[in-house]
Trainee: 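First the structure, which I've put down as structure tokens, then a few questions once you've had a look.
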Amino acid sequence: MIKSLSIENYKIHRRQLFELGGLTVLTGVNSSGKSSVLQSLLLLRQSHLQGALDQGLMLNGDQLSVGLCRDALCQEADDDYIGFGLNFGNSGATWKWDASDAVMGKDFLPCLDKPMQEMWKEEPLFGNDFQYVSAARQEPSESYPLNTNMVEVRRQLSQRYGKCELVAHFLHYYGKENKIAVLPELVHGEGEEADLLSQVSIWEQVVSPEVRVEPGKGDKSYTLKYSYQTGGDSSASYSATNVGYGLTYALPVVVALLASKKGGLVLIENPEAHLHESAQSELGVLMARAAQAGVQVVVETHSNHVLNGILVASKRYENGEAGINREKVRIYFMKRLSGAMLSDKEEIRIVGDGKIDHQPDGFFNRQDKDMSYLLGF
């Protein structure tokens, strides 16, 4: 588990230290540095998978594309290097890369300093117990690609950029062919089937009631269809292109969390995309329960409903129900400093009973402002 992440001069300027919890929530206005936190982790993974982390940092690859070195270095950086540090509790690793004028037009940052010990290679960030669900995930499609190595060997939902275009193959292989079980803490309700496919359908029902997810296998591709239980009977099966976007956009989030093992790591961008507010809240609950079960989750969100779902899960835990211990949650409000392209963070803590210790201006308080105006307060 990653206990903390430090970032120096990568887009957000200054040395920023993020204490990460079982569930870490990144919020804030657009272009305030939230994505830079996730990108820092993705760049480390990308460079390691390409066998380059000992020599330098690969800015473009299968995880993400940053561009050139000048695009990665903060415009107002005082120093000509970029550095990342990870703390895993019992071990740590720190890297520093050259960002001098000599490399600004390249897409590879040469290594200036690297960790002596290589225990970091055993962490989920660098292995198969990892998933990245990006904001730009696969739209509904008539067919989805087959990739035996990525799915059946490396257990990945994505080929590139966290698009999760392999979700149909993944769900067919692990949900239909092998019927793996989800962690007991993630079974939605008592007495339900605990296999992956059953639980995926049940959690997708928070998006569209009575829906059932049906992955299918063709000759060289996979399909996703949905049916509905109506009056005890199943409806016809509908292609993913003929149902709401929300089902397809939520599916990789649900699958990534339910298929994770204890100790795994899941990065999620905008889980709320195309979802009704109640579904957004339930995904917040699911992320919280996954973190309580031992899956480390880092989520970037603009949704107060996702946050409220997490707060609800913390209160449920206090009441002895399935939820999350608030001590496992870290919430960061990212903001841009006035008059400069610099980012800063403010930590917000859950103090108990589903309440937070303070609410900075801009932290999900727009509805209060709008309602005050509309009601004439």
Side-chain angles (χ1 to χ4, degrees), residues 1 22-23 41-42 45 63 123-134 137-138 144-189 192-207 211-217 222-224 226 240 247-269 271 279 282-299 322 324:
M1 176 176 172
L23 173 58
L41 297 172
L42 292 169
R45 177 176 172 84
Q63 302 296 310
E123 293 295 322
L125 176 62
F126 304 102
N128 294 341
D129 294 330
F130 170 90
Q131 297 292 348
Y132 168 44
V133 181
S134 81
R137 40 200 183 268
Q138 174 73 48
Y144 295 81
L146 174 155
N147 191 322
T148 304
N149 176 53
M150 291 299 290
V151 172
E152 301 177 22
V153 178
R154 298 173 60 184
R155 298 188 85 251
Q156 295 300 295
L157 285 167
S158 302
Q159 296 180 122
R160 289 173 61 82
Y161 304 147
K163 289 181 66 66
C164 299
E165 65 271 56
L166 301 176
V167 65
H169 184 173
F170 189 101
L171 195 52
H172 190 278
Y173 182 76
Y174 293 105
K176 198 168 184 179
E177 291 184 26
N178 292 285
K179 294 188 176 181
I180 66 169
V182 306
L183 294 171
E185 298 92 333
L186 298 185
V187 175
H188 185 270
E192 296 173 349
E193 296 291 332
D195 65 283
L196 177 63
L197 186 55
S198 295
Q199 283 300 307
V200 165
S201 288
I202 291 169
W203 280 99
E204 280 278 84
Q205 288 169 13
V206 306
V207 179
V211 74
R212 294 188 65 83
V213 184
E214 300 175 352
K217 187 179 187 303
Y222 287 82
T223 60
L224 269 179
Y226 300 90
L247 281 169
T248 299
Y249 258 63
L251 185 63
V253 178
V254 172
V255 174
L257 293 168
L258 292 180
S260 289
K261 302 176 182 178
K262 287 183 183 293
L265 174 63
V266 181
L267 309 184
I268 304 172
E269 293 176 340
E282 289 295 338
L283 283 189
V285 170
L286 176 56
M287 288 186 289
R289 287 176 59 172
Q292 182 63 32
V295 180
Q296 188 169 27
V297 181
V298 182
V299 58
I324 189 170

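Residue numbers start at 1 and run along the sequence shown. Note that this is a predicted model, so its numbers are computed, not measured.
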Trainee: Would you say the side-chain atoms of Glu152 and His169 include a donor-acceptor pair closer than 3.5 Å?
Mentor: yes
Trainee: Can a donor-acceptor pair be found, under 3.5 Å and without considering hydrogens, that links the side chain of Arg154 to the backbone of Asn149?
Mentor: no
Trainee: Supply the atom-to-atom distance Lys217 NZ to Tyr222 OH, rounded to the nearest 0.5 angstrom.
Mentor: 4.5 Å
Trainee: Quick one: closest heavy-atom pair of Ala291 and Leu23, and the distance?
Mentor: CB-CB, 3.7 Å
Trainee: With sequence neighbours excluded, what pairs up with Phe130 under the ring pair (Phe, Tyr, Trp, His ring centres under 6.0 Å) test?
Mentor: none
Trainee: Using a 4.5 Å cut-off on heavy atoms from C-beta on, say whether the side chain of Tyr144 contacts that of Thr223.
Mentor: no
Trainee: When you compare the side chain of Tyr226 with that of Thr248, does any pair of heavy atoms fall below 4.5 Å?
Mentor: yes
Trainee: Could you give the distance from CG (Asn147) to CZ (Phe170), rounded to the nearest 0.5 Å?
Mentor: 12.5 Å
Trainee: Do Glu269 and Tyr132 pair up side chain to side chain, a donor and an acceptor below 3.5 Å, judged on atom types alone?
Mentor: yes
Trainee: Nearest 0.5 Å, what's the OG-CZ distance between Ser158 and Arg137?
Mentor: 10.5 Å
Trainee: Side-chain contact, heavy-atom cut-off 4.5 Å: Leu197 with Leu171?
Mentor: yes
Trainee: If you round to the nearest 0.5 Å, how far is CD of Glu123 from CZ of Arg45?
Mentor: 12.5 Å
Trainee: Taking Gln199 for its side chain and His188 for its backbone only, find out whether a donor-acceptor pair lies under 3.5 Å.
Mentor: yes
Trainee: Between the side chain of Trp203 and the main-chain N/O of Leu283, is any donor-acceptor distance below 3.5 Å?
Mentor: no
Trainee: So, Ser201 side chain and Arg212 main chain: donor-acceptor pair closer than 3.5 Å or not?
Mentor: no
Trainee: Return the CG to CG distance between Leu183 and Leu257, rounded to the nearest 0.5 Å.
Mentor: 10.5 Å
Trainee: Please find the pair of heavy atoms, one from Val207 and one from Ala250, that lie closest to each other, and give the distance.
Mentor: CG2-CB, 4.0 Å
Trainee: Would you check if Ser198 and Glu192 make a side-chain contact, meaning some heavy-atom pair closer than 4.5 Å?
Mentor: no
Trainee: Between Ala194 and Val187, what is the shortest heavy-atom contact and its length?
Mentor: CB-CG2, 3.8 Å
Trainee: What distance separates Cys164 SG from Gln156 CD, expressed to the nearest 0.5 Å?
Mentor: 9.5 Å
Trainee: Which atom pair, heavy atoms only, marks the closest approach of Val266 to Ser260?
Mentor: CG2-OG, 3.3 Å
Trainee: Can any side-chain N or O of Gln292 pair as donor or acceptor with the backbone N or O of Ala322 at less than 3.5 Å?
Mentor: no
Trainee: Do Ile268 and Val298 come within less than 4.5 Å of each other through their side chains, counting heavy atoms only?
Mentor: no
Trainee: For Tyr161, check side chain to side chain donor-acceptor pair (under 3.5 Å) against everything at least two apart and list the hits.
Mentor: Ser65
Trainee: Would you say CD of Glu193 has more than 12 non-hydrogen atoms from neighbouring residues, nucleotides or ligands within 6.0 angstrom?
Mentor: no
Trainee: May I ask you to test the Leu265-Asp129 pair for a side-chain heavy-atom distance under 4.5 Å?
Mentor: no
Trainee: Just so I know, are the side chains of Val182 and Asp195 near enough to count as touching, which here means a heavy-atom distance under 4.5 Å?
Mentor: no
Trainee: Looking only at heavy atoms, which two atoms of Pro215 and Ala168 are closest? And how far apart?
Mentor: CB-O, 3.9 Å
Trainee: How would you list all residue pairs meeting salt bridge (charged side-chain N to carboxylate O under 4.0 Å, His left out) that involve residues 159-187, not counting sequence neighbours?
Mentor: Asp62-Arg160, Glu185-Lys262
Trainee: Flag the pair Glu204 / Val254 as yes when at least one side-chain heavy-atom distance between them is below 4.5 Å, and no otherwise.
Mentor: yes
Trainee: When you measure from the side chain of Tyr174 to the backbone of Val151, do you find a donor-acceptor pair of N or O atoms at a distance under 3.5 Å?
Mentor: yes
Trainee: So, for Met287 and Val297, which heavy atoms are closest and what is the spacing to 0.1 Å?
Mentor: O-CG2, 4.2 Å
